[in-house]
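Okay, so here's the structure we're looking at.
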Amino acid sequence: MSSRNFTEEQLREIIALFQVYGDIVSVNRYGSGHINDTFKIDISIGGAPVSYVLQRINDSIFTRPDRVMENIARVTNHIRGKFAGAEDATRRTLTVIPARDGQPVARGPEGGWWRMYVFITGAKTIDLIENADQARKAAKAFAGFQNALADLPAPRLFETIPNFHNTLSRLEQLDTAAAEDKMGRKASVAAELAFVDAHREEAGKIVKMMENGEIPERITHNDTKINNVMLDDVTGEGVAVIDLDTVMPGCALYDFGDMVRTSTAAAAEDEKDLSKVFSRKEYFEALVKGYLSEAKFLTEAEKENLAFSGRLITFTIGIRFLADYLAGDTYFRTAYADHNLVRCRTQFKMVESMEAQKDEYEAIVRAN
Ligand code: ADP
Ligand code: GN1
Ligand code: MG
């Protein structure tokens, strides 16, 4: 999907739906997420600058924005409770700014669902990791997030996207997209489809272990890419885990796996020169150390599959990019015609790189 355009006038109308007051200084598109439309709003309240994040929830993906926001309210309130009294408690999680009618989302004049958050300051997100220490700090923050939610009171959170990381259902979606071949692109991805076929056998391993109860269900983030954690400007520590739309019952391994996918990669998710794309062992080691420093709750079965989870989630996201390419780029935001195919190729190259280092990665997990 290509980016939607909104005029400043439209955005001002939408901002007016929320409980924010003062003079709007600027409104700019922000961040590089693939799903929502995100804007940074700078406001002056009697000369004092305040910033907010305005987001249009992608409601073709999140079909129940009310449920997404209910999950987010429960999760952020719980996390806020864990930081009560801390000097920087206010920036440790997202803070929802309600609409003027008190609801957590507002319907824009163009028909979309919008929400607003306080803009977290003194910290930033990065799209491509710069050093292994960032990997350690990000992993510690995501593990801390899982840890903080381990005692979230019942009821179970809503599944905002059912079967989100179910590799077998992702394979089915790919098979359907290939069979339909709506865009006539199938012939051009024969090599990628052959790669998928060569990996089908191990694709169901974690799904089956979850079904058998060998791996427990936990509350997980489900989208632990490096630009979903805010790192402190001074210390580099993970301050807040953001992008909470997919926080739901899941598997800790998928969270760790997505860290491996995004935080060990030597190049961007859409790097075209595949010789630059590989998984870095030192970064993997840093992730393992950071993650295990907080994730004391892991069972042996989970720990044994940490290295595998990196390969599995990277493969799964590759399948999703490929399926979207075949189906006509309706899901992920794209900037050019074969963007999803380029992304699929980097993912499969990352899988190959992790496979080549499988024994070393397994040894790192055992040593930590
Ligand atoms: P998407 O689902 O599209 O990835 P995100 O919620 O991750 O949307 O937001 C996109 C980007 O906007 C993030 O990577 C981050 O840089 C920035 N961002 C989102 N929320 C905040 C916030 N509360 N404070 C500061 N920056 C934020
Ligand atoms: C999307 O929203 P964003 O850009 O953080 C996607 C993730 C993928 C990721 C690939 C809700 O994440 O599942 O892993 O792109 N989010 C959703 O970069 O599908
Ligand atoms: Mg994001």
Side-chain angles (χ1 to χ4, degrees), residues 1 3-4 28-42 50-63 65 68-69 71-72 76 90-97 114-128 138 142 159-167 170 173 220-233 239-248 250 254-255 257-263 265 268-271 310 312-324 330-334 339-340 342-344 346-347 350:
M1 189 183 291
S3 243
R4 277 187 202 82
N28 292 297
R29 200 169 259 282
Y30 196 78
S32 40
H34 297 340
I35 305 296
N36 296 314
D37 289 294
T38 304
F39 300 87
K40 181 174 186 235
I41 316 293
D42 296 308
V50 194
S51 300
Y52 300 96
V53 167
L54 176 70
Q55 272 186 332
R56 182 181 197 269
I57 302 175
N58 185 327
D59 62 353
S60 29
I61 293 177
F62 296 103
T63 52
V68 168
M69 295 314 288
N71 276 2
I72 290 178
T76 54
T90 52
R91 62 176 196 151
R92 287 312 197 127
T93 190
L94 293 172
T95 304
V96 176
I97 302 287
W114 295 80
R115 69 175 162 215
M116 198 176 276
Y117 292 129
V118 171
F119 189 91
I120 295 171
T121 53
K124 63 174 190 313
T125 57
I126 48 171
D127 287 324
L128 184 60
F142 282 123
E159 288 188 43
T160 55
I161 304 181
N163 288 318
F164 190 53
H165 285 308
N166 184 324
T167 319
R170 294 298 185 183
Q173 287 165 0
T220 51
H221 183 277
N222 295 303
D223 192 0
T224 58
K225 65 198 243 192
I226 190 70
N227 65 11
N228 286 332
V229 58
M230 309 246 358
L231 304 175
D232 186 89
D233 288 339
V239 170
V241 168
I242 61 166
D243 201 346
L244 305 180
D245 299 337
T246 52
V247 178
M248 59 180 152
Y254 298 146
D255 277 4
D258 207 51
M259 293 177 220
V260 180
R261 179 180 84 80
T262 63
S263 294
E269 189 178 71
D270 57 359
E271 172 59 55
L312 181 72
I313 270 292
T314 309
F315 175 65
T316 312
I317 309 289
I319 292 176
R320 291 174 56 197
F321 286 138
L322 185 57
D324 198 31
T330 61
Y331 188 97
F332 296 103
R333 178 176 297 118
T334 50
H339 205 163
N340 273 318
V342 168
R343 290 169 175 153
C344 160
T346 62
Q347 301 310 293
M350 281 290 291

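Numbers here are sequence positions counted from 1. Note that ligands are numbered from 1 as they come in the structure, with each ligand's atoms numbered from 1 the same way. Values in this document were obtained by computation on a predicted structure and should not be read as measured data.
Counting the atoms of ligand 1 from 1 in the order shown, those under 4.0 Å from a heavy atom of Leu94 are 23 (N). Numbered from 1 in the order shown, with element, the atoms of ligand 2 that lie under 4.0 Å from a heavy atom of Gly33 read 4 (O). Listed by atom number, the atoms of ligand 1 under 4.0 Å from Thr125 heavy atoms are 14 (O), 15 (C), 16 (O). When each atom of ligand 2 is checked for a heavy atom of Tyr331 under 4.0 Å away, the hits are 11 (C), 17 (C), 19 (O). Interface of Tyr30 with ligand 1, defined as ligand atoms under 4.0 Å from a residue heavy atom, comprises 12 (O), 16 (O), 17 (C). When each atom of ligand 2 is checked for a heavy atom of Phe62 under 4.0 Å away, the hits are 11 (C). Each of the atoms 5 (O) of ligand 2 lies under 4.0 Å from some heavy atom of Asn228.
Considering only non-hydrogen protein atoms, atom 2 (O) of ligand 2 sits nearest to Ile35 CG1, 3.2 Å. At the shortest separation from atom 11 (C) of ligand 1 among protein heavy atoms lies Gly31 CA, 3.9 Å. Among protein heavy atoms, atom 13 (O) of ligand 2 sits closest to Arg320 NH1, 2.9 Å. Considering only non-hydrogen protein atoms, atom 23 (N) of ligand 1 sits nearest to Val118 O, 3.1 Å. Remark: minimum distance from atom 5 (P) of ligand 1 to any protein heavy atom is reached at Gln55 NE2, 3.4 Å. Given atom 14 (O) of ligand 2, the protein heavy atom at minimum distance is Ile317 CD1, 3.3 Å. If you check which protein heavy atom lies closest to atom 3 (P) of ligand 2, you get Asp223 OD2, 3.4 Å.
Side-chain contact annotation: Thr346 with Glu271, donor-acceptor N/O pair under 3.5 Å absent. No donor-acceptor contact under 3.5 angstrom links the side chains of Asn36 and Asn58, judged on distance only.
For the side-chain contact (heavy atoms from CB on, under 4.5 Å) test with Val68, the passing option among Leu244, Ile161, Thr160, Ile61 is Thr160; the others fail. The only member of Lys124, Arg92, Arg91 that meets salt bridge (Lys or Arg N to Asp or Glu O under 4.0 Å) when paired with Asp232 is Arg91.
The side-chain tip of Lys40 points at the ring of Phe119 from less than 6.0 angstrom away and within 45° of straight on.
In Gln347, neither the side chain nor the backbone holds a heavy atom less than 4.0 Å from any atom of ligand 2. Using a 4.0 Å cut-off between heavy atoms, Phe321 contacts ligand 2 through its side chain alone, with no backbone atom that close. When heavy-atom distances to ligand 2 are checked against a 4.0 Å cut-off, Asp243 comes that close only through its side chain, counted from C-beta outward. Contacts with ligand 2 closer than 4.0 Å are made by no heavy atom of Asn222, backbone or side chain. Residue Asn228 touches ligand 1 through its side chain alone, judged by heavy-atom distances below 4.0 Å.
Thr95 places no side-chain N or O within 3.5 Å of a backbone atom of Val118 that could act as its donor or acceptor partner. Checking side-chain atoms of Asn222 against main-chain N and O of Thr220 turns up a donor-acceptor pair under 3.5 Å. Judged purely by atom type and a 3.5 angstrom limit, Arg56 has no side-chain atom pairing as donor or acceptor with the backbone of Phe39. Under the 3.5 Å distance criterion, the side-chain polar atoms of Asp255 are left unmatched by any main-chain donor or acceptor of Thr224. With Asn228 contributing its side chain and Asp223 its backbone, the two residues share a donor-acceptor pair below 3.5 Å. Judged purely by atom type and a 3.5 angstrom limit, Thr246 uses its side chain to pair as donor or acceptor with the backbone of His221.
The Mg ion (ligand 3) lies at 2.8 Å or more from every N, O or S atom belonging to Asn227. Put simply, Asp243 gets within reach of the Mg ion (ligand 3), with an N, O or S atom under 2.8 Å from it.
Contact between Pro65 and Ile57 at its shortest, heavy atoms only, is CB-CD1, 4.1 Å. Scanning both residues, Asp245 and Arg115, for their nearest heavy atoms gives OD1-NH1, 2.8 Å. Taking every heavy atom of both residues into account, Thr93 and Ala240 meet most closely at N-CB, 4.1 Å.
Using a 4.0 Å heavy-atom cutoff, Met230 is listed among the residues neighbouring ligand 1. The closest approach between any non-hydrogen atom of Arg261 and ligand 2 is below 4.0 Å. Using a 4.0 Å heavy-atom cutoff, Lys124 is absent from the residues neighbouring ligand 1.
If you check each of Ile242, Ile120, Thr95, Asp243 against atom 15 (C) of ligand 1, the one with the closest non-hydrogen atom is Ile242. Among Asn227, Asp37, Thr93, Thr38, the residue whose heavy atom lies closest to atom 12 (O) of ligand 1 is Thr38. Compare Val53, Ile35, Leu244, Asn36 by their heavy atoms: the one nearest to atom 21 (C) of ligand 1 is in Val53.
Between His34 and ligand 2, an N or O atom pair is found at a separation short of 3.5 Å. Distances between N or O atoms of Glu269 and those of ligand 2 include at least one value under 3.5 Å. Taking distance alone, with nitrogen or oxygen atoms compared against 3.5 Å, Lys225 approaches ligand 2 more closely than that limit.
With values rounded to the nearest 0.5 angstrom, Met230 atom CE is found 9.0 Å from Leu94 atom CG.
Salt bridge absent: Arg333 and Asp324 never bring a charged side-chain N and a carboxylate O closer than 4.0 Å.
Between Tyr117 and Val96 there is a side-chain heavy-atom pair separated by less than 4.5 Å.
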